Amino acid sequence: MNRLQAKYPGESEYLQAVREVLESIEDVYNMHPEFEQAKIVERMVEPDRIFSFRVTWVDDKGEVQTNTGYRIQFNSAIGPYKGGLRFHRAVTPSMLKFLGFEQTFKNALTTLPMGGAKGGSDFDPKGKSNGEIMRFCQAFMQELWQCIGPDQDVPAGDVGVGGREIGYLYGQYKKLARQYNTGVLTGKGGTWGGSILRPEATGFGALYFTQHLLHHAGKDIAGKKVALSGFGNVAWGASIKATQLGAKVVAISGPDGVCHIPEGITREMIDYMLVMRASNRDRVEDMATRFPDKAQFIAGKKSWSIPVDIALPCAFQNELSEEDAKELVANGCWCCCEVSNMGCQPGAIHYFQNNGVLFAPGKAVNAGGVATSGLEMTQNASHISWTAEEVDSKLHQIMQSIHEQCVKFGTQPDGSVDYVKGANIAGFMKVAQAMLEQGII
Ligand code: GLU
C-alpha cells in the first residue's frame with residue numbers, strides 16, 4: 001500500500017478501493033506463501049494496460065469540442081475483459097482504475113468467465129442534445145474499436161451510458177471494424193442482440209441480494225421503508241423490484257436535492273424516472289413538479305436525511321459519508337446495501353459495522369448488472385435469446401450464489417457475516433488461483 005501511494009499520489013479513489021481489498025484479504029493471503037512467491041498482489045493491483053485517447057467532436061453550435069477517452073483493461077485471468085463505460089465530467093484515470101479493479105472481483109463473484117475492465121470519458125452528458133450524444137459516441141468509438149472484440153474486451157453501460165449510447169457506439173463500431181458480431185457490447189436494444197431484463201438487472205439483482213441478506217438475518221423486506229439515491233437506470237430497476245417485494249421507496253435523489261415520497265413511489269413515478277434520465281437535465285426536482293401531491297422536493301439534501309429502515313445508495317462512489325451514516329442510524333436505519341460502486345466512504349462502512357447495521361458492498365450487491373451482461377454474451381455467442389423468466393431465474397441463482405460466497409468467506413466467530421470481507425476474499429481467491437495457474441505473465 002505504501003509503495004502504491006508513493007507511486008500514484010492523488011489517485012484517491014483507486015487507493016481507497018485497493019486498500020479495502022488488501023485489508024480484507026490480509027489473513028488469507030498470509031496463509032498462502034505461493035501467492036506471495038508469485039507476487040500476486042503486486043500484479044493484481046496494476047491494470048494490464050490503459051488506453052487513453054483524444055475524442056474530438058462538433059457541438060450543435062458548430063463549435064469543436066475535445067474530451068479524453070479511456071479504456072482500462074485491468075485483469076484477464078478468468079476471461080475476456082468486461083466492464084462498463086462511464087461518461088461523466090469527473091472521470092479521471094484514478095476513477096476508472098478503481099472501477100476496473102472492483103470490476104475484476106465483482107465479475108469473479110458472478111461465477112461467469114469474465115475479466116475486469118472499465119472505460120469512459122470526461123464528457124458531460126448534462127444538457128447535451130441527442131445529436132451531440134450521437135456525435136460524441138461516434139468520435140469515442142473511432143478510437144475504441146481497435147481495442148475491443150467479443151472474445152477480447154466487451155464494454156457496456158455505466159453512469160451516463162445507457163441503451164441509447166450503446167446503440168450509437170455499436171453503429172459506429174460496425175462501420176469501422178466491419179464486424180457484425182453484436183457480442184462486442186452488452187446492454188444493447190432488444191431487437192439486435194440485447195438481453196431481455198438487462199436494463200433492470202442491476203436493480204433487480206441488488207434487491208435479490210438484499211432479500212437473501214435479510215433472510216439470513218431472520219428479517220423480511222415487505223413493509224420496510226427504503227431510501228434510494230439517484231434516479232438513473234440502477235435506481236429505476238431497484239425501485240421496481242423493491243416495490244414488487246412489498247417495500248416502500250420513500251426517497252430518490254439527484255445532484256439538486258432529494259424527493260421525499262411519504263406514501264412510497266408508484267409505477268407511474270418509476271416510469272417517469274426514464275423520462276427524467278432521457279431529458280439530460282439531471283434534476284430530481286422534476287419528479288416533484290410532475291407529481292406535486294406525492295413527492296416533496298428538498299433542495300440540497302441527500303436521501304440519507306429521510307428516516308428509513310434500509311438505505312440503498314444507487315448513484316456514485318463515496319456518496320454516503322460517515323455523517324450520513326450517523327444520521328441514518330439515528331433515524332432508525334438498520335440495513336445498507338451498496339448498489340453503486342464504492343458508494344459508501346470507509347468511515348461510513350466502519351460506522352455501520354460498529355453499530356450493528358447490516359452492510360454489504362457494491363461488488364456483491366450490484367453484480368447482477370454485469371452478470372446479466374454475461375448472460376447477454378452467452379445468448380449472442382449461441383445466436384439465441386432467452387425469455388424474461390429464463391434470464392430472471394438465472395440472475396436470481398447468480399445473486400444467491402454471490403450471497404452464499406459472502407457467507408462462506410465472511411462468517412465471523414460470533415456467527416455474524418462480514419460481507420465486505422466475504423465478497424473481497426471470495427473474489428480474490430478465484431482471480432489469484434487463476435493467475436497462479438497461468439504462470440508469471
Ligand atoms: N457498469 C456496470 C458495473 O459496474 C455493468 C458493467 C457491464 O455490464 O459490463 O458492473
Side-chain angles (χ1 to χ4, degrees), residues 13 17 70-76 78-88 91 95-121 144 147-163 165-166 169-170 182-188 193-206 209 230 232-238 313-317 319 338-343 361-380 391 394-395 398-399 402 423 427:
E13 297 108 333
Y70 306 93
R71 184 70 179 166
I72 302 196
Q73 296 181 336
F74 217 102
N75 188 296
S76 62
I78 64 171
Y81 300 106
K82 180 82 195 88
L85 298 171
R86 178 172 290 195
F87 293 170
H88 188 278
V91 161
M95 194 193 290
L96 298 179
K97 274 169 73 179
F98 118 64
L99 289 163
F101 182 74
E102 293 270 300
Q103 196 82 43
T104 302
F105 302 101
K106 181 197 316 193
N107 293 3
L109 288 173
T110 65
T111 69
L112 304 174
M114 300 181 288
K118 205 84 188 192
S121 174
L144 185 70
C147 315
I148 61 176
D151 296 313
Q152 185 183 354
D153 182 353
V154 182
D158 195 79
V159 175
V161 179
E165 291 76 12
I166 292 295
L169 289 164
Y170 180 69
T182 55
V184 67
L185 291 167
T186 59
K188 299 179 291 288
S195 176
I196 200 153
L197 281 191
R198 175 63 189 89
E200 292 87 347
T202 309
F204 278 25
F209 188 94
N233 168 261
V234 175
W236 170 77
C314 292
F316 215 60
Q317 72 267 6
E319 58 174 305
E338 212 180 43
V339 195
S340 42
N341 290 309
M342 209 166 75
K363 59 171 80 70
V365 179
N366 75 28
V370 73
T372 308
S373 278
L375 300 177
E376 184 168 324
M377 288 164 71
T378 305
Q379 293 169 77
N380 296 156
V391 177
K394 286 180 172 47
L395 170 64
I398 289 171
M399 297 316 296
I402 295 173

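Counting starts at 1 for both ligands and their atoms, in listed order. Computed from a predicted model, the values in this text were never measured in an experiment.
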Which residue and non-hydrogen atom of the protein lie closest to [atom], and at what distance in Å?
atom: atom 6 (C) of ligand 1; result: Gly84 N, 3.6 Å
atom: atom 9 (O) of ligand 1; result: Lys82 NZ, 2.7 Å
atom: atom 3 (C) of ligand 1; result: Lys106 NZ, 3.2 Å
atom: atom 8 (O) of ligand 1; result: Ser373 OG, 2.5 Å

**Request:** Mind listing the closest non-hydrogen atom pair of Ala423 and Pro361 along with its distance?
**Result:** CB-CG, 4.0 Å

**Prompt:** Of the non-hydrogen atoms in Leu375 and Leu395, which two are nearest, and what is the gap between them?
**Reply:** CD1-N, 4.4 Å

**Prompt:** For the side chain of Thr110 and the backbone of Lys106, is there at least one donor-acceptor N/O pair under 3.5 Å apart?
**Reply:** no

**Message:** Quick check for you: to the nearest 0.5 Å, what is the distance between Met95 atom CE and Tyr70 atom OH?
**Reply:**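 Reported to 0.5 Å precision, the distance equals 10.5 Å.
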
**Prompt:** Rounded to the nearest 0.5 Å, how far apart are CD of Gln152 and NZ of Lys82?
**Reply:** 13.5 Å

**Message:** Need the ligand 1 atom indices (1-based, order shown) with element for anything under 4.0 Å from a heavy-atom of Lys118.
**Reply:** 1 (N), 3 (C), 4 (O)

**Asked** Numbering the atoms of ligand 1 from 1, which are under 4.0 Å from a heavy atom of Ala156?
**Response**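 Listed by number with element: 7 (C), 8 (O), 9 (O).
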
**Asked** Does Gly157 have a non-hydrogen atom less than 4.0 Å from ligand 1?
**Response**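 Heavy atoms of Gly157 do come under 4.0 Å of ligand 1.
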
**Request:** Sort and list the pairs that fulfil salt bridge (charged side-chain N to carboxylate O under 4.0 Å, His left out) and have at least one residue in residues 362-378, not counting sequence neighbours.
**Result:** Glu20-Lys363, Glu102-Lys363, Lys188-Glu376

**Complete:** Those residues at least two apart in sequence (or on a different chain) that pass side chain to side chain donor-acceptor pair (under 3.5 Å) with Ser340 are Glu319

**Request:** Return the option from Arg86, Glu102, Arg198, Lys363 holding the heavy atom at the smallest distance from atom 5 (C) of ligand 1.
**Result:** Arg198

**Request:** Pick one of side chain, backbone, both or neither for how Thr202 approaches ligand 1, counting any non-hydrogen atom pair under 4.0 Å.
**Result:**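 Neither part.
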
